[in-house]
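Single-structure report; data block below.
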Amino acid sequence: MAVKIRLARHGAKKRPYYRVVVADGRMPRDGRYIELVGRYNPLTDPKVIDINLEKVDEWIAKGAQPTSAVSHLIEIARGEKPEVEKKVKISKKAAAKAAAAAEAAEAEADAE
């Protein structure tokens, strides 16, 4: 039996909330799990990462394999890796408005 430590998605549409669970690899993503070992909420600021590291270490010692996403969250929870924030991407219209405002401010500064 391949045991995995993975994320189970909960919450409403476009409002994800994840549970970090230990589950049989053959079970569905949101299906039955063996044990709940943590929670992850990516929507709050700062993101909430609540993982019981003792339970995770016990399961890894028993042979459970964490997924790449969960292993990244475990590193953040242990303080080994700082949390990476995504860059805020502005739209083309907003970029054009900002460029126009910068040009207008530059022209005004040159006129003085």
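Below, all heavy atoms of this structure are taken into account, side chains as well, without hydrogens, waters or symmetry copies. Residue numbers run from 1 in the order of the sequence given.
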Minimum side-chain heavy-atom gap Val56-Pro66 below 4.5 Å: no

Partners passing side chain to side chain donor-acceptor pair (under 3.5 Å) against Asn52 (at least two apart in sequence or in another chain): none

side-chain contact (heavy atoms from CB on, under 4.5 Å) partners for Ala69, two or more places apart: Leu7, Thr67

Minimum heavy-atom distance Pro16-Pro42, with the two atoms named: O-CD, 3.8 Å

Spatial distance of atom OG1 (Thr44) from atom CD1 (Ile49) [nearest 0.5 Å]: 9.0 Å

For Asp30, all residues meeting salt bridge (charged side-chain N to carboxylate O under 4.0 Å, His left out), sequence neighbours excluded: none

Gap separating the CG atom of Asp24 from the CZ atom of Arg32, nearest 0.5 angstrom: 8.0 Å

From CD (Gln65) to CH2 (Trp59), nearest 0.5 Å: 13.0 Å

Residues that Glu35 engages under salt bridge (charged side-chain N to carboxylate O under 4.0 Å, His left out), provided they are two or more places apart: Lys55

side-chain contact (heavy atoms from CB on, under 4.5 Å) partners of Ala101, counting only residues at least two apart: none

Other cluster members, Leu36 - Ile/Leu/Val/Met/Phe/Trp/Tyr, side-chain contacts below 4.5 Å: Val21, Tyr33

Those residues that, when tested against Leu53, pass side-chain contact (heavy atoms from CB on, under 4.5 Å) (two or more places apart): Ile51, Ile74, Ala77, Arg78

Set of side chain to side chain donor-acceptor pair (under 3.5 Å) partners for Lys97, sequence neighbours left out: none

Residue pairs involving residues 9-23 (criterion side chain to side chain donor-acceptor pair (under 3.5 Å); sequence neighbours excluded): Tyr17-Arg39

In one Ile/Leu/Val/Met/Phe/Trp/Tyr side-chain cluster, 4.5 Å: Ile5, Met27: no

Pairing residues for Arg6 by the side chain to side chain donor-acceptor pair (under 3.5 Å) criterion, not counting sequence neighbours: none

